[in-house]
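Worksheet: the structure to be examined is printed underneath.
No experiment lies behind these values; they were computed from the predicted model shown.
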Amino acid sequence: MLVLEFKDGQGLGNQLWNYVALRSIAKKNNYDFRLINFDNFLGKDFISLEIESTKNKIDLRKFNLYKEKKYFDQELNCFIHLYDDNIQRLPSNTILEGVLQSEKYLNPDRSVINEFIKIKEKFLSPICLKNICILNVRGGEYKSHRNLILPKKYWIDAIKNMLCFNRKLTFKIVTDDYKYASKLLPEYEIIEGDIKSDFMHLYFSQYSILSNSSFAYFPTKLGAAPLKVIAPNHWARFGNKHNRWVSPCNQYSDWLWQNTEGRILNKEEIDYSLSISKKIYSEYNILISENKLKKFNLKDLLPEKLKKFLKRKLSNIFPLFIG
């Protein structure tokens, strides 16, 4: 049996990646599977997931824990994830843990996500988005990471690129941070709604401009394929000076990748930068413990609740504030 847990603090995209990796690896190896702490699932109101393949009792104390390999890039100050081939050959009675966001975990190909993830029938009434491009603007907790948030220029360049494909397009925003998005791109309408609304607008959209967030992967890849999707080159460190992908596992098929100059890269350019990134990380040591990575910061002296309170206040007063 293969087991995975939905943990507190995981976003919907992270949860769905964990789930499809669990299902895919279990199916490939003909294992039973079980999902623990389903109550933490953020999409339970509109997405159906199969929690377990057997009702047999299990003793998790007899299971081995396997953590997906990850690396730490000190120059970019972030964790790096590549495809971990060992996961395809895990023994039975394993608890799987990790980010698990590579399409290579999907067996035999990424179309299996339509087998594992089912949108509840009552939410499948098509949303009319003819000649509308959806911008998935991420703010919220992303604003706490200066190197993670995407600059306004990325969105403006992507809009220009989309208009080259279809000059009739109008643009609308779905976002987790209304105030931030309204200040960042005030000329575009924001579709107000909850996580379900954002997900379903991306699901039915034929044209999408994405942030570097795992949230958009599944609504974009489930069901009918969109005509055009633009995403930020290098993913979680857009346009970094080292020209590295963060993480290489997040370079997905069928998407267009835009650089800081606003240019859509060709396949040869993407393949080259990916190969360089993978070569560099192949020489890194696998991360065993995170304890030594944390650097002291004066902000660490503040209680966590106070830090969150101050961030909320600053975000309300200054919506474009990047921590």
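With hydrogens and angles ignored, the 3.5 Å screen pairs a side-chain donor or acceptor of Ser182 with a backbone N or O of Lys179. Side-chain atoms of Arg34 come within 3.5 Å of backbone atoms of Thr54 as a donor-acceptor pair (strictly under, hydrogens ignored). Formation of a donor-acceptor pair under 3.5 Å by the Glu68 side chain with backbone atoms of Val99 is found in this model. Counting only distance, with no hydrogens or angles, the side chain of Ser247 and the backbone of Cys249 share no donor-acceptor pair below 3.5 Å. Checked by atom type and distance alone, the side chain of Asp176 pairs as donor or acceptor with a backbone atom of Gly139 at under 3.5 Å. Using modelled atom types, no side-chain atom of Ser205 and backbone atom of Leu202 make a donor-acceptor pair closer than 3.5 Å. Within the 3.5 Å criterion, the main-chain N or O of Ala21 finds no donor-acceptor partner in the side chain of Ser24.
Across all their heavy atoms, Phe123 and Lys196 have their closest contact at CE2-CD, 3.4 Å. Of all non-hydrogen atoms in Gln15 and Leu42, the two that sit nearest each other are OE1-N, 3.0 Å.
Taking a 6.0 Å sphere around CZ of Phe165, one finds it holds more than 12 heavy atoms contributed by other residues, nucleotides or ligands. Few gaps surround CG on Asn86; more than 12 heavy atoms of other groups in view lie less than 6.0 Å from it. Environment of CZ in Arg167: sparse, with no more than 12 heavy atoms of neighbouring residues, nucleotides or ligands closer than 6.0 Å.
Leu256 and Tyr217 sit in two unconnected hydrophobic clusters of ILVMFWY residues. Membership requires side-chain heavy atoms under 4.5 Å apart, directly or through other members. Hydrophobic cluster membership differs between Ile95 and Leu35, with clusters built from Ile, Leu, Val, Met, Phe, Trp and Tyr side chains linked at under 4.5 angstrom. No path of Ile, Leu, Val, Met, Phe, Trp and Tyr side chains, each step under 4.5 Å between heavy atoms, connects Tyr142 with Ile134, placing them in separate hydrophobic clusters.
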Evaluate the side-chain contact (heavy atoms from CB on, under 4.5 Å) criterion for residues Lys172 and Leu135: first the C-alpha distance (whole Å), next the side-chain angles of each, then the deciding distance (0.1 Å), finally the verdict.
CA-CA 6 Å; Lys172 298 185 180 183; Leu135 281 64; over 6 Å; no
Check the pair Gln10 / Asn40 against side-chain hydrogen bond (donor to acceptor under 3.5 Å, both in side chains), numbers first and verdict last.
CA-CA 8 Å; Gln10 282 183 317; Asn40 288 332; over 6 Å; no
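Separation of the Tyr83 and Tyr105 ring centroids falls under the 6.0 Å cut-off.
A heavy-atom distance below 4.5 Å is not found between the side chains of Arg23 and Ile113.
Here ring-ring contact (aromatic ring centres under 6.0 Å, His included) pairs that include residues 21-51, with residues two or more places apart or in two chains, are Phe6-Phe41, Phe38-Phe41, Phe46-Phe199.
The distance from the CG atom of Leu274 to the NE2 atom of His234 is 8.5 Å, given to the nearest 0.5 Å.
Test Trp257, Tyr281, Tyr252 against Trp245 for ring-ring contact (aromatic ring centres under 6.0 Å, His included) and you get one pass: Trp257.
With sequence neighbours left out, Glu192 forms a salt bridge (Lys or Arg N to Asp or Glu O under 4.0 Å) with no residue at all. Tyr154 is linked by a ring pair (Phe, Tyr, Trp, His ring centres under 6.0 Å) to Phe238, counting only residues two or more places apart in sequence or in another chain.
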